[in-house]
Amino acid sequence: MADYFQLFSAFVVVFLALYYYFTSTFDFWKNRGVPGPRPIPVFGNAKDVVLGRETLQLYITRLYRKYKDEPMFGIFVRGSPNLVLCDLDLIKDVLIKDFTMFEDRGITVVERVEPLSTNLFNLEPERWRPIRKSLTPVFTSGKLKEMFPLILECSNQLEGCLEKIIEQGGLLDCREVAARFTTDAIGSCAFGINMNALSDEESEFRRIGKEIFKSDFQALMKLTFREALPQFYNMLGFVLPQNEITTFLTAIVSETIKYRKENNIVRPDFINLLMELKENPHKLENIDMTDTLLTAQAFVFFAAGFETSSTTIGHALYEMALNPDIQDKVRNEIREHYTKNNGKWTYDDVKDMKYLDKIFKETLRKYPPGQLLRRRCNTNYTFNGTKVTIPKDTMVLIPLYAIQTDPAIYPNPDVFDPERFNEDVESTRHPMTFLPFGDGPRNCIGARFAIFQTKLGLIQTLRNYKVDVCDQTMVPYVRHPIARVFTPKQRIILKISKV
């Protein structure tokens, strides 16, 4: 009997120790007077997120609707406290006014097992600052004007692809064709390589692109493992071989650089800038610009550049099919500019198309590729106008999708209405109500490129072609529940025809 009692006592002690371990932080927000849902052991508030049933973005959107009259609310992801901001002025403080205290995105960088995670989007402030400063020149309006003919050439090839689709029955897979176009544009502008994604459906670059954004259960479990146990996950780099994406892109970047050096080739593109950084390490403040670190920057430009723009093009065309009056109006604007410039598109032509710009913005409002901004505080911080103080390393989340679909800010948010972005209407809204590219010093470095790449794709698709819904079109729209980027649950199929 004594043995059983000792065994039972040991079990109780272990149980209580584990319970304390998993709940010891659960008074964190209550002690600071911050409202929020009640957490449970092991999962915190994110049970469905941890189990792969939904994304953190979707979960926070639901909570935002409950707590949006509060300046902020607190949640726990497993045992880690996260603060979600609802107040727009506090968001502006974090992103802009007090940015130096929130430079870090708080994303796990696991260099050993995922070398390409050392990219500009993920990097900690110490490496992010000099690399961002050095890469910025390639994304200026002047550099974009130099790249414009390259993007235009790819958009002309898009027209040939659309003609072929019409000949084969006219069923257009919007996101797939758009991704092939943006893959070619990134290849030309960043790498100086013809990736042939538009002409070859089996293009190796397109296949790698699909692999990067795969949203299956295995990818979700890998992400969960990486965020829950980053140090242990990183140790796997000692035993696991490099994945196919790392091997492929490292080879492409190193071979391209070698070829250009041997043949004295200079192009106004991303690879050329990386070569300059490699040859002038003093610009990076003692950062060792290894081949892996170089490739990581090329990787994020390739991955973010093709996926975010292609989903935006796909969503815009979907809304054009659902709203033929809007489609006709933007087509008239496209044709007016085409006639005015005698069929020779210029950078300024695209910039001057006001209605197209409204459609672009409304698409990003309703379907932002990224739905959440993350920042980690690097010091103890008290929010302006409140008594709430958070300690160093606390994660702060900005629910941009929830804000951009808040009916108090955008009435009837499910309705696609480009007139929301008339200048007089837009000027009445708080600047933090539209954040598809983020804001402040750590906003999207490639925003200008994405804007013009997306608009040229839409111009070439809508000038001479009409998109309509068909029997295979997903109506109503259903979003993918666990995808990292805002994407539909199934393909967007539209009927395309000549106007």
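For the numbers below, each heavy atom of this structure counts, side chains included, while hydrogens, waters and symmetry mates do not. Note that the structure is predicted; figures quoted are calculated from it, not measured.
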Minimum heavy-atom separation for [X] and [Y], please, with both atom names.
X	Y	answer
Y465	V499	C-CG2, 3.4 Å
N119	L116	ND2-O, 2.8 Å
I165	V177	CD1-CG2, 3.6 Å
L88	M432	O-CG, 3.6 Å
F99	W128	CZ-CH2, 3.6 Å
G438	L373	CA-CD1, 4.0 Å

Looking only at the aromatic ring of each residue, does the gap between the centers of [Y] and [X] stay below 6.0 angstrom?
X	Y	value
F449	F301	yes
Y64	Y401	no
F360	Y355	no
F486	H480	no

Main chain of [Y], side chain of [X]: is a donor-acceptor contact present, judged purely on distance under 3.5 Å?
X	Y	result
Q297	L120	yes
Q453	G305	yes
R335	R463	yes
T473	I493	yes
N341	G343	yes
S427	D424	yes
N422	V425	no
T118	P115	yes
R105	R442	yes
N323	D325	no

Non-hydrogen side-chain atoms of [X] and [Y] separated by less than 4.5 Å:
X	Y	result
L95	L435	yes
I151	C189	yes
L63	V84	no
I403	I91	yes
R374	V396	no
P369	E307	no
I60	L397	yes
T140	E146	no

For the [atom1] atom on [X], are there more than 12 heavy atoms of other groups (residues, nucleotides or ligands in this structure) within a distance under 6.0 Å?
X	atom1	result
N263	CG	yes
E423	CD	no
K47	NZ	no

Less than 3.5 Å apart, any donor N or O on the side chain of [X] or [Y] sitting next to an acceptor on the other?
X	Y	answer
D349	Y338	no
Q404	Y367	no
N464	K498	no

State whether [X] and [Y] are salt-bridged, where the test is any N-O pair (Lys NZ or Arg NE/NH1/NH2 against Asp/Glu carboxylate O) under 4.0 Å.
X	Y	value
E54	R479	no
R375	D104	no
K329	E419	yes
R260	E255	no
E362	R365	yes

Might you work through the side-chain contact (heavy atoms from CB on, under 4.5 Å) test for E111 and T292, ending with a clear yes or no? CA-CA 9 Å; E111 299 185 39; T292 299; over 6 Å; no

Give the intermediate values and the outcome of side-chain contact (heavy atoms from CB on, under 4.5 Å) for residues S309 and F181. CA-CA 10 Å; S309 293; F181 157 63; over 6 Å; no

Kindly indicate, with the supporting measurements, whether the criterion salt bridge (charged side-chain N to carboxylate O under 4.0 Å, His left out) is fulfilled by K495 and D471.
CA-CA 9 Å; K495 179 72 174 179; D471 293 341; over 6 Å; no

How many angstroms lie between [atom1] in [X] and [atom2] in [Y], if you round to the nearest 0.5 Å?
X	Y	atom1	atom2	result
L322	Y477	CG	OH	11.5 Å
I107	F121	CD1	CZ	4.5 Å
Q460	C154	CD	SG	11.0 Å
S117	L123	OG	CG	8.0 Å
T487	K489	OG1	NZ	11.5 Å
N156	L456	CG	CG	9.0 Å

Only one of K361, R420, K354 passes salt bridge (Lys or Arg N to Asp or Glu O under 4.0 Å) with E426, and that residue is K361

**Item:** Derivation of the salt bridge (charged side-chain N to carboxylate O under 4.0 Å, His left out) call for R331 and E336
**Value:** CA-CA 9 Å; R331 182 179 295 108; E336 286 174 9; over 6 Å; no

Review point. Could you walk me through whether D439 and I96 pass the side-chain contact (heavy atoms from CB on, under 4.5 Å) check?
Key: CA-CA 7 Å; D439 208 331; I96 302 172; 3.8 Å; yes

Under the criterion salt bridge (charged side-chain N to carboxylate O under 4.0 Å, His left out), I'd like the reasoning laid out for E333 against K358: C-alpha separation, chi angles, the key distance, then a yes or no.
CA-CA 12 Å; E333 180 184 60; K358 293 175 188 177; over 6 Å; no

Run the side-chain contact (heavy atoms from CB on, under 4.5 Å) test on F416 and M320 for me, step by step, so that the C-alpha distance in whole Å, both residues' side-chain angles and the decisive distance to 0.1 Å come before the verdict. CA-CA 9 Å; F416 188 85; M320 295 304 95; 3.7 Å; yes

